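Bear in mind that the values here come from a model prediction, so they are computed numbers and not experimental data.
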Amino acid sequence: MKSFKYYYLLALGIFFMSAGCEDALEIEASDAFTEDFIYSNPDQLERLVFTAYNSTESWGINKFQWWSRRFNIEGASFEAKFNFNDLDLFRVRAGWNPSNVGVLGDIWRNYWDYIRDITLFLDEVDESEAMQMDTEKVTVLKAEMKFLRANLYSKLIKFYGGVPIIETAVGLNDNFDIPRNSYEECVQFIVAELDEAASVLPETRPDNEYGRATKLAALAVKSRTLLYAASKLHDPGTEPSGPLYDYSNPNKWQEAADAAKELIDLVGARDLIEVQDATEYQNLFLSPNEDILFARPYGATFYDFGTDVNSLWNQTQAPSGYGGWALSSPTHNFALLFNMSDGSSTDGPLYDANNPNDNREMRYYANLNYNGAQFRGRDVQYYLSEDVDAFPHGLDSPEGLGNTLHSSKTGYNIRKFQDESVGLTDTSPNRPFILYRLAEIYLNYAEAQYHLGNEAVAREYVNKITRRALLPEITSSGEALYEAIKRERRIELAFEGHNFFDERRWMNEEHLGFDVKGLKWTKEIDGTLSNEEYTVVNRPWFDRQYYLPIPQSEIEKAPSLEQNYGY
């Protein structure tokens, strides 16, 4: 495996701005803290690690831009579209080029900034006075940084394919023109880093350390990384192909299964937390619980660096008539993937297109706001009135309350992650932004076991998801079983940042380029409601968009960085 050296001057002051926990440094002048002091003091070193936790995701796709601080990648997936004025902020309609990928443009720079900080830390920490002073504590801090760097690399290769592996930060005279490692080398590097971190990290954390890395978190990143690597997108026989994209390991599905099983064994293959209804299911996403393997904590004291209170989803995703911004509108295409209450699909006889919200599965009501949903003390009203003298336009319609440019273009808004027990601009105690959870691991394992031909095991684990969702167990086999596993993944992990990548790794172009559908609701003169399906926008598909391009500015600085396929 190739390894390259890269220089980065660590900005020591930044961690005083955002420590990533509720502890705050009491200082008179930040320049009083030198690098020598940081590495001589275990407590100060810990605060440096807290800053690196800002490398994990938050409610926004890009915390350094005003707009994209307030919505995530669901708006570029099959799940949803960016709603305000039908702007194409992700450029999924215009198409990406090396100089413009819309709000995704800072990903390369932001991730590498954190990798450089972490790499410098790892260069310095072993010989530091802090390590000698408290070896046990600092060894765990080192494992946390290895975990965070591996997590960053795992995210980078999802967006770009193979990237340079940088393990040592050194001086100004080194070569900056560094080529990319192969995708397979990157996967091997990530797995090795996570195995090392997992051997040191504690299996659990006390409540006052919620949000810090554990062994379970490291194994969860490993499971996701190996599942993605085993997927169709990385088969040598698919395009794009070549070292930057291919994973040729003949045991790839067994390794993906083993990675998930390692974590499953640690939790005893227990059932997911039971719920009785949609409200109890919705509440699972509002506070820490044992099903969450790794999350970013939010609350009245702590927000992520660069965000503010109205970056949380209560306001940014609520319907417009409530004062919400409704920035990600779920597509009707996606809403149709939610089954009926008896487990049948919306292609079956129980589904009534005239009454699309009736008799749906529990997660439909927990995850979506739809016309007529009971939300924050009233029914959601997307309809326009046929006769305003008989009935006024709906409060959440294009003629309703609030900024009507934010009214839903699809007839849906996101309900998941919204805490209706607090005000629209209030925070919840310790509300997590979930990054990895047990349901995903069971779905990872089911998918890997399906590909290994072990359909009984695949059904066993996908049914841990369906049972908790109060649906009949899946009994299908063959391709129908695989489709059921993928459907469960789409619905169970909705709006959690998976679908954008899942549809790509499955190479399911029907969910990558498509007509975005919505429902227009009308209140008739007699008071009845009707709806009409319509095309909101067309989202074309370009084969090059399996990956983001390397930014043109980076190619100009380092010509050895090979540009991605199609750009």
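- When side chains are defined from C-beta on, W108 does not count as touching L548, because their heavy atoms never get closer than 4.5 Å.
- Although no hydrogens or angles enter the test, the distance criterion places no donor-acceptor pair under 3.5 Å between the side chain of R468 and the main chain of K464.
- In this structure, E144 pairs ionically with R205, as a charged nitrogen and a carboxylate oxygen lie closer than 4.0 Å.
- Shown here for S408 and S329, the closest heavy-atom pair between the two residues is OG-OG, 3.5 Å.
- Of all heavy-atom pairs between A439 and I465, the closest is O-CD1, 3.6 Å.
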Determine, step by step, whether F78 and F514 satisfy the ring pair (Phe, Tyr, Trp, His ring centres under 6.0 Å) criterion, reporting the C-alpha distance in whole Å, the side-chain angles of both residues, the deciding distance to 0.1 Å, and the verdict. CA-CA 9 Å; F78 188 69; F514 58 98; 4.9 Å; yes
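- The shortest non-hydrogen separation linking W59 to S311 is CB-O, 3.7 Å.
- In this structure, CG in N359 is found 12.5 Å from CG in N339, a value given to the nearest 0.5 Å.
- Ring geometry, Y370 versus Y365: the interplanar angle exceeds 60°, so the pair is classed perpendicular (tilted spans 30 to 60°).
- Note on ring orientation: taking the six-membered ring where Trp is involved, the planes of W67 and F84 are tilted (angle from 30° to 60°).
- At a threshold of 4.0 Å, the pair R93-D86 does not count as salt-bridged, since none of the basic side-chain nitrogens sits closer than that to a carboxylate oxygen.
- F433 has its side chain out of reach of T56: every pair of non-hydrogen atoms, C-beta onward, lies at least 4.5 Å apart.
- At least one donor-acceptor pair under 3.5 Å links the side chain of N289 to the backbone N or O of L284.
- Salt bridge E193/K146: present, at least one basic N to carboxylate O contact under 4.0 Å.
- In this structure, F82 and F71 have tilted ring planes: the angle between them lies in the 30° to 60° band.
- The side-chain tip of R437 does not point at the ring of F285 from less than 6.0 angstrom away and within 45° of straight on.
- Put simply, the side chain of N357 gets close to the backbone of N371: a donor and an acceptor are under 3.5 Å apart.
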If you apply the rule side-chain contact (heavy atoms from CB on, under 4.5 Å), what do you find for L233 with Y547, and how did you get there? CA-CA 10 Å; L233 178 61; Y547 298 98; 3.7 Å; yes
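- The existence of a salt bridge linking K416 and E79 is excluded, since no basic side-chain nitrogen approaches an acidic carboxylate oxygen closer than 4.0 Å.
- Nearest heavy atom pair, residue Y114 against residue F64, reads OH-CZ, 4.3 Å.
- Within the model, atoms CG of N110 and CG of N62 stand 5.5 Å from one another, a figure rounded to the nearest 0.5 Å.
- Residues E503 and R490 are paired through a salt bridge, judged by an N-O separation under 4.0 Å between the basic side chain and the carboxylate.
- Residues D88 and R539 are not paired through a salt bridge, judged by the lack of any N-O separation under 4.0 Å between the basic side chain and the carboxylate.
- Environment of CG in D207: sparse, with no more than 12 heavy atoms of neighbouring residues, nucleotides or ligands closer than 6.0 Å.
- With respect to R487 and E361, a salt bridge is recorded, a charged nitrogen being found less than 4.0 Å from a carboxylate O.
- Annotation: side chain of E290 is not in contact with side chain of L438 (no heavy-atom distance under 4.5 Å).
- At distances below 3.5 Å, not a single donor-acceptor pair connects side-chain atoms of E510 with backbone N or O atoms of N508.
- Panel note: side chain N83, backbone K409; a donor-acceptor pair is recorded below 3.5 Å.
- Side-chain contact between W112 and L156 is present, with heavy atoms from C-beta onward closer than 4.5 Å.
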K517/T535 under side chain to side chain donor-acceptor pair (under 3.5 Å): CA gap, chis, key distance, verdict: CA-CA 5 Å; K517 298 293 185 180; T535 297; 2.7 Å; yes
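- For the pair H511/L337, a side-chain contact is recorded, criterion being any heavy-atom separation below 4.5 Å from C-beta on.
- With a 6.0 Å cutoff to the six-membered ring centre and a 45° limit on the axis angle, R504 counts as a cation-pi contact of F500.
- With hydrogens and angles left out, the side-chain atoms of Y436 and N151 include a donor and acceptor closer than 3.5 Å.
- Checked for salt-bridge contact, R431 and D419 miss the test: no charged N lies under 4.0 Å from a carboxylate O.
- Using a 4.5 Å cut-off on side-chain heavy atoms (C-beta onward), I38 and Q44 make contact.
- One side chain, R489 or N444, offers a donor N or O that lies under 3.5 Å from an acceptor on the other.
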Can V267 and E203 be said to form a side-chain contact (heavy atoms from CB on, under 4.5 Å), step by step? CA-CA 10 Å; V267 300; E203 190 169 317; over 6 Å; no
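- For Y445, the ring-ring contact (aromatic ring centres under 6.0 Å, His included) partners at least two apart in sequence or on another chain are Y461.
- Checking N531 against E533 by side-chain atom types alone, no donor-acceptor pair falls below 3.5 Å.
- Side-chain atoms of Q315 never come within 3.5 Å of backbone atoms of T425 as a donor-acceptor pair (strictly under, hydrogens ignored).
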Checking N367 against Y281 for the side chain to side chain donor-acceptor pair (under 3.5 Å) test, could you report, in this order, the C-alpha distance in whole Å, the side-chain angles of both residues, the deciding distance, and whether it holds? CA-CA 9 Å; N367 290 347; Y281 181 82; 4.8 Å; no
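- Using a 4.5 Å cut-off on side-chain heavy atoms (C-beta onward), T214 and F147 make no contact.
- Interatomic distance, D396 CG to D379 CG, rounded to the nearest 0.5 Å: 8.5 Å.
- Between Y412 and F334, the distance from one ring center to the other does not fall under 6.0 angstrom.
- Using cut-offs of 30° and 60° for the angle between ring planes, the F294 and Y53 rings count as tilted.
- Considering only heavy atoms from C-beta on, V200 comes within 4.5 Å of V140 through its side chain.
- Rounded to the nearest 0.5 Å, atoms OG (S223) and OH (Y228) are 10.5 Å apart.
- Minimum heavy-atom separation, A295 to P297: O-CD, 3.7 Å.
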Could you go through E488 and L471, starting from their C-alpha distance and side-chain angles, then the distance that decides it, and tell me whether this counts as side-chain contact (heavy atoms from CB on, under 4.5 Å)? CA-CA 11 Å; E488 281 303 308; L471 289 172; 4.3 Å; yes
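- When atom types are taken as modelled, the side chain of D426 and the backbone of V422 share no donor-acceptor pair closer than 3.5 angstrom.
- Judged by distance alone, the side chain of R69 and the main-chain N or O of K63 form a donor-acceptor pair under 3.5 Å.
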Q545/R91 under side-chain contact (heavy atoms from CB on, under 4.5 Å): CA gap, chis, key distance, verdict: CA-CA 11 Å; Q545 291 187 182; R91 288 186 62 85; over 6 Å; no
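- Across all non-hydrogen atoms, the minimal contact from C186 to V163 is SG-O, 3.3 Å.
- Side-chain contact of R296 with S58: a donor-acceptor pair under 3.5 Å is absent, judged by distance alone.
- Note on R363 versus E492: salt bridge recorded, some NZ/NE/NH1/NH2 to OD/OE distance being below 4.0 Å.
- Annotation: F501 is not in aromatic contact with W506 [ring centroid separation under 6.0 Å not met].
- Proximity of a side-chain donor or acceptor of Q317 to a complementary backbone N or O of S328 within less than 3.5 Å is detected.
- Side chain of N369 to main chain of R415: no donor-acceptor pair is present (N/O by atom type, distance under 3.5 Å, no hydrogens or angles).
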